[in-house]
Number of protein chains: 2
Amino acid sequence: MSMSKYLALPILFCFHLATFQQVSAQKKSTKTTQVSYDKYIDDHTDAHLKEYLEFVAIPSVSSIPAHKADVERAAAWIVNKLKAIGMTTAQVMPTGGLPAVYSSWENAPGKPTVLVYAHYDVQPVNEAEWDNPPFIPVIKDGRIYGRGASDDKSGVLISIWAVEAMLQKDGKLPVNVKFLFEGEEEIGSPNFRSFLTNNKELLKTDFAVTADDAQHSDSVPEISLSSRGAALLEFTVKTANTDAHSGQFGGKTPNSVVVMSQIISSFYDKVGNVAVDGFYDKVLPISAEQKERIKQIPYDPAEDMKLLGTTAEVGDPAFSPLERVWFRPTLEVIGMQGGYTAPEGHSNIIPGHAMARITCRLVNNQDGKEIIDLIVKHINKNCPVGATVSYKFSPGYASAMFAPTDTKAFKYVSETVSAVYGRQPLIMGTGGTGGAMLSFKEVLGVYAYSLGFLQADEKWHASNEFFRVSSVRKGQQVYTYYLQHLAAEEAKLSKQKK
Amino acid sequence: MSMSKYLALPILFCFHLATFQQVSAQKKSTKTTQVSYDKYIDDHTDAHLKEYLEFVAIPSVSSIPAHKADVERAAAWIVNKLKAIGMTTAQVMPTGGLPAVYSSWENAPGKPTVLVYAHYDVQPVNEAEWDNPPFIPVIKDGRIYGRGASDDKSGVLISIWAVEAMLQKDGKLPVNVKFLFEGEEEIGSPNFRSFLTNNKELLKTDFAVTADDAQHSDSVPEISLSSRGAALLEFTVKTANTDAHSGQFGGKTPNSVVVMSQIISSFYDKVGNVAVDGFYDKVLPISAEQKERIKQIPYDPAEDMKLLGTTAEVGDPAFSPLERVWFRPTLEVIGMQGGYTAPEGHSNIIPGHAMARITCRLVNNQDGKEIIDLIVKHINKNCPVGATVSYKFSPGYASAMFAPTDTKAFKYVSETVSAVYGRQPLIMGTGGTGGAMLSFKEVLGVYAYSLGFLQADEKWHASNEFFRVSSVRKGQQVYTYYLQHLAAEEAKLSKQKK
């Protein structure tokens with residue numbers, strides 16, 4: 001989950017009225033065709049939660065090379081599970097980096113194919129900040145705590161279990177199904193596009209959904225249509241080959257932490273906009289329609305700030321908070337370190353080097369490489385005499401993306417969540433990054449609409465990440481409904497054509 | 001060793017000509033009274049180096065509470081050694097914090113008393129940066145590598161071994177000797193002054209030297225007369241209770257690392273002077289005499305920068321580098337951390353909190369507490385909406401200090417190093433802190449002149465700290481000479497009076 005949600009009152013936002021009128025008209029007919037898998041789902045709750053804990057316990061941290069074997073172990077775990085539920089094929093597939101998992105069931109000739117995307121890799125952890133060890137997951141008060149419990153091992157498991165219920169109960173599926181689980185989402189999907197390109201025929205599909213996404217709450221569904229791109233950069237300021245005694249050299253020796261602080265400060269103007277030359281060149285104005293849409297969403301900053309315990313919202317007052325998060329780019333410092341910083345003790349030194357990592361969230365046609373080049377130019381220009389900067393570049397950058405609502409694919413997802421939740425979905429933008437969605441469109445020619453069950457308060461990427469046990473059941477209900485509904489609707493269309 | 005040295009060509013600087021004329025006049029007579037302990041010293045090299053490794057292996061890190069037992073173990077080690085060499089008393093003495101070690105031999109009635117100061121606590125380590133584990137010391141290429149090998153376990157050991165040589169060879173000392181070894185020097189000696197005050201009678205002495213100091217090189221001695229004060233502050237910028245997803249919240253949520261960087265940047269003006277209101281209020285102009293003295297010292301910035309691998313000297317061009325280091329105050333950031341900063345991996349978060357530690361080196365009558373109060377006021381003023389700052393204050397602050405050259409105490413030290421090294425000492429200022437020197441003067445009424453054998457390139461406080469094996473022999477020669485010389489000179493004066 002690199003997605004980002006607006007967190008506000010659970011209100012209904014009729015973004016595309018025509019679509020929703022359609023939903024209402026079809027509600028009755030679609031409901032009658034539905035088979036319930038609730039009994040199978042409920043009978044297997046204990047077994048599934050056991051699998052949940054087993055899967056989350058595998059520390060598949062993609063950004064730390066020492067965890068490579070764990071990532072591979074997680075991939076193998078999924079393959080075993082897919083074989084056990086009766087998928088025809090299930091295999092670990094090499095990419096230019098960490099492997100993907102692919103699986104298919106194609107015994108419904110003449111029926112459409114649906115591809116389900118999720119990722120099984122997770123973010124690293126700061127173990128000291130966790131109440132329970134992040135890779136010894138626990139279930140407490142209706143929540144599963146552990147790294148990846150929400151983002152995005154929930155997506156992998158729920159989609160598999162829904163298919164398990166259908167295959168075990170019926171011995172078949174109403175459509176052809178392909179699973180594609182990525183192992184490099186949390187490092188910016190550097191090999192994902194080329195993997196899709198190299199396996200275009202194998203992955204060919206009519207519809208796609210991503211289970212790496214969220215619902216607004218237990219009772220309010222949502223669909224995300226836009227995401228920002230992402231570009232990461234690590235850089236190190238060096239002022240000396242070694243740390244220096246702060247008395248012996250203090251007054252004549254440059255301090256790498258001070259230089260780093262000055263460089264970071266130079267990234268911003270007074271209202272918090274990015275002061276890097278050319279940064280906004282490719283950013284389009286927010287359209288009147290977009291502005292109007294956001295204005296209709298009642299937004300409660302207090303509610304939003306409560307979640308993190310912040311005391312103020314910041315940013316250019318020329319834009320509203322949602323405009324800034326959905327449609328404006330950012331440059332955030334995600335980590336910075338220099339000198340002796342262990343929790344206890346202190347070392348009276350002038351640090352010889354300091355490291356920072358930054359992430360830009362990009363919009364419209366901003367290009368990750370171009371933006372990183374501009375930032376490098378800015379840093380070099382602002383690096384004072386006595387300091388040098390070295391860079392560690394990412395293997396890839398993700399672009400921003402916007403999906404339409406006037407597609408069958410959107411309609412089926414929207415109708416499904418409307419039916420299962422009993423209300424129409426919120427139509428959202430996101431501040432995060434959905435590189436996979438963009439690649440699906442550009443390489444496979446399909447939009448991957450959001451069909452995941454994360455919730456925005458579940459501390460994705462942060463300490464004490466969790467997932468709601470109740471979403472496990474709901475998620476399977478949604479997926480079993482979705483596959484039946486899509487099959488039925490497509491069958492109708494097919495009949496009409498004939 | 002919190003001292004700081006100017007590192008330049010080994011030149012002779014005749015700071016106080018009258019003193020040196022005296023030295024020359026007495027050189028002949030003093031030399032004839034000297035007994036050599038070289039044979040004892042050389043016969044015990046192996047045994048002493050074994051003790052060296054044993055003592056440095058004790059991780060007596062005073063700033064980390066978990067090392068309290070190690071600090072106590074180091075104190076006990078010293079007491080055992082002092083008893084073994086024949087000192088009359090040797091004991092661990094409680095202070096308000098970590099213990100001191102006190103020992104005495106007072107069997108020379110009518111003779112003066114000399115107190116030797118050193119400290120046995122050490123700085124913390126960043127173990128990953130060491131070529132050998134810092135607390136498994138090794139001897140390699142004539143150097144002893146290990147944390148504290150130079151600063152200041154060398155001072156403890158050399159002064160003890162010199163007294164050992166005299167006691168073992170002669171069964172007595174030419175003067176009364178007291179040892180005082182501190183266990184809290186590296187945390188700013190918070191309890192040292194009250195310890196001296198509480199034990200004023202016990203510690204009463206005619207002369208004092210500190211073995212927590214340096215010589216210029218193997219062949220050029222030096223005496224340091226001034227030191228800067230020190231004041232430490234740790235502060236944490238908090239913008240949220242938790243880290244936030246950089247996509248989900250980027251554009252509306254304050255970033256603690258950015259705020260911290262802006263606060264750090266605000267500490268300085270364009271030439272690198274401290275921009276905190278009132279910071280320089282109590283700083284006296286550098287006197288014409290001081291300026292003239294420094295001008296006479298040929299200073300090679302290239303040589304100096306080579307030591308650390310810096311590429312430029314920085315600071316206010318209105319002052320020379322030595323003027324800045326010896327007579328101007330500083331504000332250095334000694335450590336700063338925020339967000340996920342493990343060497344590998346990255347976490348796409350907006351850090352909710354960031355920590356920095358700063359140290360000020362103070363001059364003249366600048367008061368540590370006043371300066372820290374000014375800095376806190378500055379930080380609070382510069383802390384933007386959406387952020388709060390919390391502080392962790394030091395238990396104490398050290399003042400700056402200046403010792404005179406027109407004392408017998410200075411003369412004996414100067415004559416000693418002149419005789420043993422065959423040349424007069426450089427008269428230096430220091431940029432570091434010698435809180436003990438100030439307390440000795442103010443509480444015990446004596447100046448503690450420098451008589452230590454560290455050298456400025458020995459990476460005090462930094463990784464791969466080392467001490468020269470050759471200094472072990474030279475140091476003992478100096479101490480045995482000093483005690484004999486002081487005894488002889490004082491005897492002469494005593495005779496003259498009668």
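Minimum interatomic distance between Tyr299(B) and Lys252(A) (heavy atoms only, all atoms of both residues): OH-NZ, 3.0 Å. Of all heavy-atom pairs between Thr311(A) and Ala387(B), the closest is OG1-N, 4.3 Å. The heavy-atom pair separating His346(B) from Glu186(A) by the smallest distance is NE2-O, 3.6 Å.
Heavy atoms of Arg328(B) lying under 4.5 Å from chain A are absent altogether. Contacts of Lys392(A) with chain B are made by side-chain atoms alone, with heavy-atom separations under 4.5 Å and no backbone atom involved. In this structure, the portion of Ala342(A) lying under 4.5 Å from any heavy atom of chain B is its backbone and not its side chain. Heavy-atom distances place no part of Ala230(B) under 4.5 Å from chain A, backbone and side chain included. For Gln262(A), the parts sitting under 4.5 Å from any heavy atom of chain B are the backbone and the side chain alike. For a residue to count as touching a neighbouring chain, one of its non-hydrogen atoms must lie under 4.5 Å from one of that chain's; by this rule Val61(B) does not touch chain A. Looking at Pro343(B), only its backbone comes within 4.5 Å of chain A, counting heavy atoms on both sides. Residue contact with chain A, scored on non-hydrogen atoms closer than 4.5 Å, involves the backbone and the side chain of Glu332(B) alike. The part of Met355(A) that comes within reach of chain B is its side chain, from C-beta onward, which places non-hydrogen atoms under 4.5 angstrom from that chain. For chain A, the nearby parts of Thr242(B) are the backbone and the side chain; heavy atoms of each come within less than 4.5 Å. Contact of Glu129(B) with chain A is made through the side chain alone, with heavy-atom distances under 4.5 Å.
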Inset, instruction - Please test Leu308(B) against Thr253(A) for side-chain contact (heavy atoms from CB on, under 4.5 Å), starting from the C-alpha separation and ending with a verdict. - result: CA-CA 9 Å; Leu308(B) 299 177; Thr253(A) 297; 4.0 Å; yes
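When each of Ile350(A), Asn464(A), Asn126(A), Ile358(A) is scored by its heavy-atom pairs under 4.5 Å with chain B, the top score falls to Ile350(A). Options Ala244(A), Gly338(A), Pro384(A) differ in how many heavy-atom pairs under 4.5 Å they form with chain B, and the most are formed by Gly338(A). Ranking Pro321(A), Gly352(A), Ala354(A), Gly335(A) against chain B, the residue ahead of the rest is Gly335(A), based on heavy-atom pairs under 4.5 Å. Chain B forms the most heavy-atom pairs under 4.5 Å with one residue out of Val385(A), Val258(A), Val125(A), and that residue is Val258(A). Between chain B and the options Val257(A), Ile263(A), Thr388(A), Val259(A), the largest number of non-hydrogen pairs under 4.5 Å is found for Val257(A).
A side-chain contact (heavy atoms from CB on, under 4.5 Å) with Phe249(B) is found for one member of Val325(A), Thr310(A), Asp304(A) and no other, namely Asp304(A).
In this structure, Ile187(B) CD1 and Asn348(A) CG are separated by 12.0 Å, a value rounded to the nearest 0.5 Å. In this structure, NE2 on His245(A) lies 9.0 Å from OG1 on Thr430(B), to the nearest 0.5 angstrom. Rounding to the nearest 0.5 Å gives a distance of 7.0 Å between OG of Ser347(B) and NE2 of His461(A).
Side-chain atoms of Asn255(A) come within 3.5 Å of backbone N or O of Val333(B) as a donor-acceptor pair. Between the side chain of Ser265(A) and the backbone N or O of Ser261(B) there is at least one donor-acceptor pair closer than 3.5 Å. A donor-acceptor pair under 3.5 Å is absent between the side-chain atoms of Thr330(A) and the main chain of Gly251(B), judged by distance alone.
Inter-residue side-chain proximity for Gln248(A) and Trp460(B) is flagged as met; some heavy-atom pair is nearer than 4.5 Å.
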Which atom pairs, donor and acceptor, lie under 3.5 Å between side-chain atoms of residues 267-275 of chain B and protein residues at least two apart or in another chain?
| from | atom 1 | to | atom 2 | distance (Å) |
| --- | --- | --- | --- | --- |
| Tyr268(B) | OH | Leu331(B) | O | 2.7 |
| Asp269(B) | OD1 | Val271(B) | N | 3.1 |
| Asp269(B) | OD1 | Gly272(B) | N | 3.0 |
| Asp269(B) | OD1 | Asn273(B) | N | 2.8 |
| Asn273(B) | OD1 | Tyr280(B) | OH | 3.4 |
| Asn273(B) | ND2 | Asp316(B) | OD2 | 2.6 |

